[in-house]
Peer 1: 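A single structure is presented below for examination.
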Protein chains: 2
Amino acid sequence: MLEAAIDFVDRFGIGELSMRKLGASLQVEGMALYRYVRSRDELLDAMVDRLLDQLYADPEVLLRPEDDWQAFLRRVAGGIRRMALEHPQIFPLIATRHRAAPWIRPPLRSLRWIEGFLAALLSRGFSEDAAVYTYRAFGSFLVGHLLLEVSAEGVDPVTAAVDPGSASADGASLDLSAFPTLTRLADRLAVEDLSEEFEHSLGNLLERLEEARARLA
Amino acid sequence: MLEAAIDFVDRFGIGELSMRKLGASLQVEGMALYRYVRSRDELLDAMVDRLLDQLYADPEVLLRPEDDWQAFLRRVAGGIRRMALEHPQIFPLIATRHRAAPWIRPPLRSLRWIEGFLAALLSRGFSEDAAVYTYRAFGSFLVGHLLLEVSAEGVDPVTAAVDPGSASADGASLDLSAFPTLTRLADRLAVEDLSEEFEHSLGNLLERLEEARARLA
DNA sequence: ACCTGAACACCGTTCAAGT
DNA sequence: ACCTGAACACCGTTCAAGT
């Protein structure tokens, strides 16, 4: 049923998710869902938790004996990015929904994840300060880069379904005539390879984290 | 009326914003609002635009003759952060709402802002490539750091109003006993000064941007 | 020019009643 | 144990009608 909710949102977007419609997709009246979940709000939280748990179980993000910390961070970053792109409608929830404590930093927002992440760093020789510093910087990095990426491609299916003709999302129709610098740079702005940008920025982050690690050793 | 909507959301949260209630706060039936706005959705977009326009008019974020590019970026970063903290309920919209073109990167997401930002960098000797690179990196940085900050303090007023007793947002009540590393690092995790972290990370970003600027000169 | 009232098709949620 | 039907208090949105 959680899976059904995730599928539903992936397909139609969060705006379309109602208890009644989700029920219908399960051949049941919407009211029946209250057997499994206390409210729609709790359902959204449960979806977020589920995705995080799924990712945690992904062997690709597991710390391997031969991994140094940088390899591990690349592994996790790749896994989170894959998840974000697979569920572009849900990732914003991971970034923005209320957290149980202020020190929980999206997108690694389950206790299990934070535990595993910090333990991995400590096992690779990080000081406690350096591990915490890295946890924070890594989270902000991922949110900053991935939220953007999913909301870029995330043509809100609600609008798209209602009015399939208005897909001017490429911005070709934007009137830049009042903005000379924008006009001048339009070609350069249009060229973006977000995969490449992500890898490049991740490389930068790892360098910066290495400096911090040494400083906080 | 836009102002009223922004006030309303600042006070009660976006979940509480309905056309009828916003109307009531203006001594009018909700249906009257459709004179000024085509839909609730458009209203949210208009609120986002308004905040960005307000910020654009803030003399604190204006490029000054004596500013080098780093001073300018600090100015803008400070202004955006102030805005985010003043409107923690609205900032997530700035980060996540549908954009007119994929190269528009939150939070500097109005054409006016992008124009001004890029022109300022060019005026300080940036190459076109370096200016675009900086625009992108700066946006991701701000979203990554500020979204976090506003959703940390953003005790969702919807929930809070209904159930003022459940304010366990400090996480003191979280059961960490199954997570030894978390338990060990709990004290360190709890200590966070997000202002300081923001300034520190901004400093890092400026260094990295200086390298990129030189490389892309 | 601006607002209201009634209406329509939806919501989330509760709860007694069914099987 | 699990689901349904009816009900309640809401939504966004349209539109004819009022002033």
Side-chain angles (χ1 to χ4, degrees), chain A residues 1-50 89-90 92-93 96-98 154-166, chain B residues 1-50 89-90 92-93 96-98 154-166:
Chain A
M1 178 259 193
L2 254 187
E3 300 300 340
I6 291 171
D7 277 9
F8 189 101
V9 173
D10 281 342
R11 249 209 279 246
F12 307 113
I14 239 137
E16 286 292 286
L17 178 71
S18 76
M19 300 304 272
R20 285 167 162 101
K21 284 192 214 155
L22 176 57
S25 85
L26 290 163
Q27 328 269 14
V28 116
E29 298 299 313
M31 302 72 190
L33 301 179
Y34 288 91
R35 289 262 131 204
Y36 305 96
V37 95
R38 231 187 304 273
S39 67
R40 190 188 117 110
D41 223 55
E42 193 186 277
L43 172 62
L44 296 181
D45 283 334
M47 289 168 55
V48 165
D49 288 345
R50 168 63 67 105
Q89 304 282 342
I90 306 179
L93 297 185
T96 58
R97 279 191 76 80
H98 183 254
V155 184
D156 190 2
V158 184
T159 326
V162 169
D163 180 7
S166 76
Chain B
M1 178 259 190
L2 255 186
E3 301 299 341
I6 291 171
D7 277 10
F8 188 100
V9 172
D10 281 342
R11 250 207 278 246
F12 306 113
I14 239 137
E16 286 291 286
L17 178 71
S18 75
M19 300 303 273
R20 285 168 162 100
K21 285 193 212 153
L22 177 57
S25 86
L26 289 162
Q27 328 268 14
V28 115
E29 299 298 313
M31 302 74 190
L33 301 179
Y34 288 91
R35 287 263 132 205
Y36 306 95
V37 95
R38 233 188 303 273
S39 67
R40 191 189 116 111
D41 223 55
E42 194 185 277
L43 172 61
L44 296 181
D45 283 334
M47 288 167 57
V48 165
D49 288 345
R50 168 62 68 104
Q89 304 282 341
I90 308 180
L93 297 185
T96 59
R97 280 190 75 80
H98 182 255
V155 184
D156 191 2
V158 184
T159 325
V162 169
D163 180 8
S166 76

Peer 1: Applying side chain to side chain donor-acceptor pair (under 3.5 Å), name anything that partners B/D7, two or more places apart in sequence or on another chain.
Peer 2: none
Peer 1: For the NZ atom of B/K21 and the CG atom of B/L26, what is their distance to the nearest 0.5 Å?
Peer 2: 14.5 Å
Peer 1: To the nearest 0.5 Å, what is the distance between CE on A/M47 and CG on A/L93?
Peer 2: 6.5 Å
Peer 1: Do B/E16 and B/F8 come within less than 4.5 Å of each other through their side chains, counting heavy atoms only?
Peer 2: yes
Peer 1: Anything below 3.5 Å on both distances counts as a pair; with that, list the stems of at least three consecutive Watson-Crick or G-U pairs involving DNA chain D.
Peer 2: C:4-8 with D:12-16, C:12-16 with D:4-8
Peer 1: Please list residues of residues 26-35 of chain A whose heavy atoms come under 4.0 Å from any atom in DNA chain C, ordered by number; otherwise none.
Peer 2: A/M31, A/Y34
Peer 1: Going 5' to 3' on DNA chain D, which nucleotide is the first and which the last to come under 4.0 Å of a heavy atom in chain A?
Peer 2: D/dC2 to D/dA7
Peer 1: Evaluate the side chain to side chain contact (heavy atoms under 4.5 Å, CB included) criterion for residues A/L43 and A/L33: first the C-alpha distance (whole Å), next the side-chain angles of each, then the deciding distance (0.1 Å), finally the verdict.
Peer 2: CA-CA 10 Å; A/L43 172 62; A/L33 301 179; 5.8 Å; no
Peer 1: If a pair satisfies salt bridge (Lys or Arg N to Asp or Glu O under 4.0 Å) and one of its residues is in residues 29-40 of chain B, list it, with sequence neighbours excluded.
Peer 2: B/R38-B/E42
Peer 1: Of all the heavy-atom pairs spanning A/L22 and A/S25, show the shortest one and how long it is.
Peer 2: O-OG, 2.8 Å
Peer 1: Could you pull out all residues at least two apart from A/D49 that satisfy salt bridge (Lys or Arg N to Asp or Glu O under 4.0 Å)?
Peer 2: none
Peer 1: Show the nearest heavy-atom pair for residues B/I14 and B/Q89, with the distance to one decimal.
Peer 2: CD1-O, 3.6 Å
Peer 1: Does the side chain of B/L44 reach to within under 4.5 Å of the side chain of B/L17, using non-hydrogen atoms?
Peer 2: yes
